Amino acid sequence: MALIECRHLTHVYLKGTPLEAVALQDVTLSIEAGEFVGLIGPTGSGKSTLIQHLNALLRPTGGEVRVAGINPADARADVKTLRQQVGLVFQYPEHQLFEETVYDDVAYGPRNLGLTEDQVRERVGESLALVGVDPGRFGRRSPFSLSGGEMRRVAIAGVLAMRPRVLVLDEPAAGLDPKGKEEILGQIRTLHEAQGLTVLLVTHSMDEAAQLVKRLVVLARGQIVMDGPVREIFRRAQDLTALGLGVPAITALMLRLRSAGMAVTPDVLTVDEARAAIGKVLQWN
Ligand code: ADP
Ligand code: MG
């Protein structure tokens with residue numbers, strides 16, 4: 001069975017009131033262990049609503065969800081284990097830092113698991129290292145003395161300290177400067193590649209998706225409208241534009257070169273691929 005399964009998942013907020021909003025409608029999705037999936041869609045398309053079902057912060061109003069075989073709607077479901085297995089990193093996770101030191105912040109989850117202080121120390125060290133923060137240098141500092149990008153990485157370490165099977169991140173690069181963005185996305189890529197962690201990355205950036213994920217799920221108005229390998233999705237430039245999403249900047253450039261009469265392939269996701277495609281037409285060697 002897949003690690004994450006949503007079957008005909010529907011979520012209606014404030015059902016039966018004048019403010020009723022259908023946020024998800026008949027969403028069927030499965031994600032296998034080891035995948036790196038992007039979830040993309042315009043604002044209000046249901047991305048945040050969907051991921052909050054994965055650790056039972058929200059319950060379906062229709063259909064069902066199973067994560068690691070656990071169905072939170074089941075009265076006997078072990079929701080605590082479910083939450084430990086799904087590491088959910090909210091938007092602006094640094095707003096949830098609150099302890100006096102970086103160490104204590106990352107230690108918060110493991111301490112709640114009832115681990116010994118030795119085990120807690122091991123988890124703190126390992127998770128800070130995973131996000132590229134030196135525990136010796138930063139452990140005793142206040143999280144509020146760090147840069148925006150560092151704070152965010154500490155917040156992610158706090159989630160990793162639970163040793164989740166799947167990491168779900170809601171717009172992890174939002175609001176960071178270009179360097180901070182690149183660092184955080186690089187760390188996430190490493191977590192997937194080196195640790196084999198299953199990752200579900202919510203983004204509204206086509207460029208981010210092109211650089212990182214292998215499979216892309218596109219949500220629009222609460223429904224999945226596309227789901228497939230990222231390269232195949234970006235071949236549907238017109239459909240994506242109609243949804244208000246567009247294509248990665250580098251793909252858009254190739255499409256413009258084509259409409260200007262240069263016979264390059266638009267099937268390009270990175271600068272290196274673009275260079276190769278243009279070189280082919282111009283017969284560089
Ligand atoms: P996204 O993350 O893609 O921007 P959301 O999941 O936040 O989308 O929202 C999907 C829809 O549900 C939107 O129409 C939004 O207004 C509505 N919605 C989200 N949260 C709530 C809430 N707590 N109460 C009522 N409606 C909500
Ligand atoms: Mg959202």
Side-chain angles (χ1 to χ4, degrees), residues 4-31 36-65 67 72-73 79 82-83 86-96 148 151-152 155-156 159 164 166-176 180-181 184-185 188 199-210 212-213 215-228 230 233-234 236 239-248:
I4 294 175
E5 290 268 4
C6 302
R7 283 196 214 117
H8 307 292
L9 172 61
T10 294
H11 192 90
V12 183
Y13 286 106
L14 304 165
K15 200 170 185 161
T17 76
L19 298 173
E20 181 170 303
V22 182
L24 292 174
Q25 208 174 355
D26 201 19
V27 166
T28 293
L29 173 70
S30 68
I31 296 177
F36 192 162
V37 180
L39 179 64
I40 203 161
T43 304
S45 56
K47 304 181 295 295
S48 297
T49 302
L50 175 54
I51 62 173
Q52 288 176 72
H53 282 82
L54 304 182
N55 75 348
L57 283 175
L58 289 175
R59 303 298 170 108
T61 51
E64 63 174 40
V65 173
V67 178
V79 174
L82 176 82
R83 295 212 165 119
V86 181
L88 199 54
V89 179
F90 291 98
Q91 262 184 287
Y92 300 99
E94 61 275 17
H95 294 169
Q96 285 162 41
M151 276 166 82
R152 192 163 298 182
I156 295 175
V159 171
V166 49
L167 186 63
V168 181
L169 305 118
D170 199 348
E171 300 276 4
L176 296 180
K181 266 187 190 161
I184 205 110
L185 296 173
I188 293 165
V199 180
L200 178 60
L201 176 89
V202 174
T203 177
H204 66 270
S205 160
M206 287 294 177
D207 293 311
E208 251 173 67
L212 283 170
V213 310
R215 170 180 165 201
L216 198 55
V217 175
V218 183
L219 264 186
R221 292 177 301 276
Q223 292 181 302
I224 293 181
V225 291
M226 298 182 205
D227 179 355
V230 70
I233 303 281
F234 288 136
R236 298 174 63 181
D239 297 334
L240 291 167
T241 307
L243 291 169
L245 290 169
V247 292

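Remember, it's 1-based here, ligands and their atoms both numbered in the order they're listed. Side-chain atoms are counted along with the backbone in the values below, which use heavy atoms only and exclude waters and symmetry mates. Every value quoted in this text rests on a predicted model; they were computed, and no experiment measured them.
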With atom 4 (O) of ligand 1 as the reference point, say which of Ala23, Ala21, Gly46, Gly44 has the nearest heavy atom. Gly44

How about Ser48: does one of its N, O or S atoms come closer than 2.8 Å to the Mg ion (ligand 2)? yes

To check you understand the geometry: which heavy-atom pair defines the closest contact between Gln91 and Ser48, and what is its length? OE1-OG, 4.4 Å

Which distance, rounded to the nearest 0.5 Å, do you find between the CD1 of Ile31 and the CG of Leu39? 8.0 Å

Protein residue, atom and distance nearest to atom 6 (O) of ligand 1, heavy-atom basis: Thr49 OG1, 2.5 Å

Going by atom types alone, do Thr10 and Gln25 pair a side-chain donor with an acceptor below 3.5 Å? no

If you scan protein heavy atoms around atom 27 (C) of ligand 1, the nearest is Tyr13 CD1, 3.3 Å

Consider ligand 1: state whether an atom of it lies below 4.0 angstrom from any non-hydrogen atom of Pro42. yes

Would you please classify the geometry between the Tyr13 ring and the His11 ring as parallel, tilted or perpendicular, with 30° and 60° separating the classes? perpendicular

Return the residue, atom name and 0.1 Å-rounded distance of the protein heavy atom closest to atom 7 (O) of ligand 1. Ser48 CB, 3.9 Å

Lys15/Glu20 ion pair, N-O < 4.0 Å: no

After noting the C-alpha distance and the side-chain angles of Lys47 and Asp170, does the key distance pass the salt bridge (charged side-chain N to carboxylate O under 4.0 Å, His left out) rule? CA-CA 8 Å; Lys47 304 181 295 295; Asp170 199 348; over 6 Å; no

For atom 15 (C) of ligand 1, is there a protein heavy atom at a distance under 4.0 Å? no

